[in-house]
Every structure is written in C-alpha cells, then in structure tokens.
Amino acid sequence: MRRPPVLHVIPFLWSGAGGVVTRLCEAQRQHGPVAIVTTGKTVEHADWPAYRTRLRRAGVTHHSIDFFHRDQDLFWSGVGQLQALIDDLRPGVIHAHAGVPACAVHAAREGGRNVRVIGQMYSWGPDRPEWMNRQDTWGLRQCDRVVCSAHSYSDLLVSYGVPAAKLVYLPWGLPLDRLPFESRLAPQSSGRRRHRPSGPVIGFVGRIEPRKGQLDLVNAFARVRKRLPAARLELVGPIADKAYAATVHAAVQRQGLDGAVVLAGKVREVQPWLLRWDLFVSMSSDEGQGLAVLEAMATGVPVLASPVAGIADFLTDGRTGFTLSAATARGVADRILHVLGRPTLLANVERGARRLVERRYSWDLTVSAFERLYWS
C-alpha cells in the first residue's frame with residue numbers, strides 16, 4: 001500500500017545535515033511521495049546544488065519558503081504558503097528540521113489539518129541570544145516527537161521545558177557500503193607505520209567558521225612542524241565566515257606554513273582526502289553529531305578530538321579515538337605528537353572505531369528507526 005506523502009521542512013540543504021536529510025528523502029521516496037521545503041537561496045546563503053540535484057533525480061518535489069530568517073512579516077508570509085502546501089499535499093508526516101520550521105509547522109497546522117509532526121534538534125552553536133533559544137524550543141514543544149542525535153542536546157531541551165517523553169535519541173548513520181575500511185597502518189605485529197616518503201598528514205573536515213576551531217588547529221600544527229618538519233595539514237570545507245577564514249590564512253602566512261597547510265575549500269568528494277590522512281584532528285567547540293568525525297572513523301583514519309556535544313557520544317579515549325583535554329596550542333601539539341608516535345595503539349583504535357560505527361551507526365539502522373518513528 002502506498003503511503004501518504006512525507007514533507008520535510010529545513011532552512012537550507014547544506015553541510016552534513018543537508019547530506020543526511022537528502023539521503024533520508026531518497027530512501028523514503030522508494031515507498032511513496034516525498035516533498036521538501038527549503039529557503040532555497042538568499043543573498044548570504046543557498047542550498048548546495050549537489051543535494052538539490054540528487055533530490056530532483058529521486059523524484060522529490062521541492063518548494064522554496066524562507067524559514068531561515070526570523071523577520072515577522074517574512075515568517076508569517078511563509079506560514080501562509082506552508083499552510084496552502086499542506087492542504088494541497090495532505091502529508092501523513094511533517095519532519096521539521098530545526099526550531100523555526102517547527103514553529104512554522106505548528107502555526108500552519110493550527111488551521112485544522114491533523115498531521116503527525118516530528119521535530120529535530122541539530123545544534124545551536126555558540127553566542128545565540130536567549131530569545132532565539134526560547135523561540136526554537138517553543139516550536140519543538142509543539143511537535144509530537146523531537147529527535148536529537150546527541151545526548152547533550154536532549155538534556156538541553158529538557159532544561160528548556162521540552163517534555164522528556166517526547167524526546168527520541170536517534171543518531172544519523174553512515175552508508176558503510178560506500179566507506180570501505182582501509183587501515184593507514186602496517187599490521188600490528190610490525191609495530192611500524194607504512195613507509196611514507198614525506199611526513200605525516202593531518203586533516204580536518206568542516207566549514208571554516210570559529211566554532212570549528214581551524215585557527216587553533218593551525219596554531220597547534222605550527223608547533224608540530226618544529227618536531228616534524230615534513231608534516232602537512234589539510235583543511236577541507238567551504239568558507240562560512242569570511243573574516244574568520246582571512247584570520248586563518250593570515251596565521252598560516254605569519255607562521256611560515258604556506259607550503260605545509262592546504263585550505264582545500266569545498267570538495268566534491270571527501271573520501272580521497274581522508275585516504276591520505278594519518279590523523280583526523282577536530283578542535284570544534286560544538287557539533288550536531290560529528291558526522292565528519294564518524295566518517296573518518298569508518299574509513300580507518302584515527303581521530304583526535306575535543307569531546308564536545310555529539311562527539312562525546314561515541315569517542316572513547318584509547319578505544320575508538322583519542323580525546324583532547326588541553327585547548328592550548330602547546331597541549332594540542334604535544335597530544336598530536338604523542339598519538340602519532342604510538343602506531344600499535346593507532347592500529348587498535350582504527351579497528352575499534354570501525355567496529356563501533358558498524359554496530360551503532362549504519363544507515364540501515366537510521367532508516368528503520370525513522371520508519372518506526374514516522375508510522376508506528
């Protein structure tokens with residue numbers, strides 16, 4: 001029997017969140033109609049074209065309504081458009097990704113349409129005004145269930161009055177068939193790293209913005225280079241904050257790292273970069289879940305990361321990765337050097353990380369969990 005349509009509402013399709021929502025829509029499209037509402041494009045931001053192309057090929061219909069900006073006139077105009085769309089589409093489930101979409105969906109269904117609404121919390125990031133937090137949690141409280149992919153955010157929503165009974169811990173999984181495990185290390189018995197003509201390569205994937213910590217990583221890497229002159233650092237990800245990106249570039253030049261640090265920008269495929277790295281280092285101060293970290297773990301790249309929200313759920317020091325306790329450039333550099341100097345432990349961590357991802361973070365588990373949440 002063909003299911004009623006599913007409607008997703010999300011501010012933009014970008015970054016890791018845009019990727020998993022796109023993949024979820026593709027999977028759901030196999031069982032019935034799927035539509036998605038995004039802001040589409042503004043002066044500052046836009047959906048990533050690759051995600052839009054995939055959805056179009058899957059037969060997912062797209063509608064542009066701005067639920068990114070919080071201007072009242074724009075918001076209420078959008079609510080009217082959304083209400084008309086709901087009346088026309090008659091979805092069985094609406095999935096509201098983030099607080100503003102949750103507020104909009106609740107306002108739109110006040111017209112009488114009875115539909116199951118799933119809210120989703122990703123992350124708030126630093127320095128948000130309190131009124132914004134309260135607005136978002138008001139919208140999430142109106143949802144039938146609210147999904148969190150990190151335990152820290154479940155606790156945060158409860159502190160803002162979202163009933164614990166509504167919360168569902170459901171982390172995003174990875175398409176493991178597309179992420180074959182490839183150890184960067186020699187067999188454990190050899191006790192030596194594979195021969196590399198140059199020095200170790202350290203990498204990170206994330207949008208260039210303050211909360212991702214690329215500037216701190218560059219400063220720490222400058223100290224690593226004093227001990228390992230052939231080491232390289234590769235930073236992959238689009239620029240989200242131009243002023244911050246300029247500061248990162250200036251730090252690279254000031255410390256004489258022009259030939260040693262690569263800022264690759266947005267890349268079509270991350271995998272070819274991951275396969276070159278000896279260590280993935282994340283100094284991010286906040287993550288919705290840390291999908292880039294999980295992808296590195298699944299691929300066989302040892303991870304050294306700050307145990308922040310999201311990452312703390314799966315990174316266990318010495319078993320599935322390595323944690324950063326010191327935030328200073330010297331402390332981080334010492335930790336990088338210490339980890340790179342222990343090849344046997346690195347090999348054990350690689351295997352432990354992949355086993356964890358296979359057990360808890362497969363994409364099939366994610367799809368099955370959303371099926372139960374939507375239709376049970």
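These figures come from a predicted structure and were not determined experimentally.
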Residue pair [X] / [Y], side-chain heavy-atom distance below 4.5 Å:
X	Y	value
Asp313	Pro171	no
Pro91	Ile86	yes
Val339	Val349	no
Trp277	Val236	yes
Leu294	Val303	no
Val105	Leu7	no
Gln255	Arg225	no
Cys103	Gln135	yes

Rounded to the nearest 0.5 Å, what separation is found between the [atom1] atom of [X] and the [atom2] atom of [Y]?
X	Y	atom1	atom2	result
Asp136	Arg128	CG	CZ	4.5 Å
Phe221	Leu257	CZ	CG	6.5 Å
Ile336	Leu233	CD1	CG	8.0 Å
Leu85	Gln81	CG	CD	9.5 Å
Asp87	Leu82	CG	CG	9.5 Å
Lys266	Ile208	NZ	CD1	13.5 Å

| task | Supply the members, apart from Trp138, of the Ile/Leu/Val/Met/Phe/Trp/Tyr cluster built from side-chain contacts under 4.5 Å; use none for a lone residue. | result |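 Cluster partners of Trp138: none, it stands alone.
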
With sequence neighbours excluded, tell me which residues meet side-chain contact (heavy atoms from CB on, under 4.5 Å) with [X].
X	answer
Ala369	Leu170, Arg372
His69	Thr42, Glu44, Asp66, Leu74
Ser64	His62
Val367	Ala27, Trp363, Glu371

| said: Show, in sequence, the C-alpha distance, side-chain angles and deciding distance for Phe314 and Thr320, and conclude whether the side chain to side chain contact (heavy atoms under 4.5 Å, CB included) test is met. | reply: CA-CA 8 Å; Phe314 56 78; Thr320 60; 5.8 Å; no

| task | Determine which pairs satisfy side chain to side chain donor-acceptor pair (under 3.5 Å) with at least one residue from residues 8-23, sequence neighbours left out, and list them in order. | result |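 Residue pairs with at least one partner in residues 8-23: His8-Gln28, His8-His97.
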
All pairs passing salt bridge (Lys or Arg N to Asp or Glu O under 4.0 Å) where [range] contributes a residue, at least two apart:
range	value
residues 137-153	Arg109-Asp144
residues 227-242	Arg232-Glu234, Glu234-Arg276
residues 49-65	Glu26-Arg54, Asp47-Arg52

Restricting to non-hydrogen atoms, name the atom on [X] and the atom on [Y] that form the minimum distance, rounded to 0.1 Å.
X	Y	answer
Thr328	Gly331	OG1-N, 3.0 Å
Val146	Leu140	CG2-O, 3.3 Å
Lys166	Cys143	NZ-O, 2.9 Å
Ile311	Ser306	CG2-O, 3.9 Å

| Mind checking what makes ring-ring contact (aromatic ring centres under 6.0 Å, His included) contact with Phe204, not counting sequence neighbours? | Phe280

| said: Checking Phe75 now: which residues fulfil ring-ring contact (aromatic ring centres under 6.0 Å, His included) with it, not counting sequence neighbours? | reply: none

I'd like to know if the side chain of [X] and the backbone of [Y] have a donor-acceptor N/O pair within less than 3.5 Å.
X	Y	result
Thr38	Gly40	yes
Ser77	Asp73	no
Arg335	Leu324	no
Tyr244	Leu215	yes
Thr323	Leu315	no
Thr366	Trp172	no
Arg116	Leu373	yes

Would you mind writing out the side-chain donor-acceptor pairs for residues 147-165 within the sub-3.5 Å range, not counting sequence neighbours?
{"from": "Ser149", "atom 1": "OG", "to": "Gly288", "atom 2": "O", "distance (Å)": "3.2"}
{"from": "Tyr153", "atom 1": "OH", "to": "Asp286", "atom 2": "OD1", "distance (Å)": "2.6"}
{"from": "Tyr153", "atom 1": "OH", "to": "Glu287", "atom 2": "O", "distance (Å)": "2.8"}
{"from": "Ser159", "atom 1": "OG", "to": "Leu156", "atom 2": "O", "distance (Å)": "2.5"}
{"from": "Tyr160", "atom 1": "OH", "to": "Glu130", "atom 2": "OE1", "distance (Å)": "3.0"}
{"from": "Tyr160", "atom 1": "OH", "to": "Glu130", "atom 2": "OE2", "distance (Å)": "3.0"}
{"from": "Tyr160", "atom 1": "OH", "to": "Asn133", "atom 2": "ND2", "distance (Å)": "3.3"}

Enclosure of [X] [atom1] (heavy-atom neighbours >12, cutoff 6.0 Å):
X	atom1	value
Trp76	CH2	no
Arg319	CZ	no
Arg178	CZ	no

| query | Would Phe68 and Met132 show up in the same hydrophobic cluster when neighbours are defined by side-chain heavy atoms closer than 4.5 Å? | reply | no

| message | Is the distance between the ring centroids of His338 and Phe322 under 6.0 Å? | response |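 No - the distance between ring centres of Phe322 and His338 does not fall below the 6.0 Å cut-off.
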
| request: May I ask you to say whether Glu358 pairs ionically with Arg354, meaning some side-chain N is under 4.0 Å from a carboxylate O? | output: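 Yes.
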
| request: Answer yes or no: is there an ion pair linking Asp127 with Arg211, defined by an N-O contact shorter than 4.0 Å? | output: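 No, this pair does not count.
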
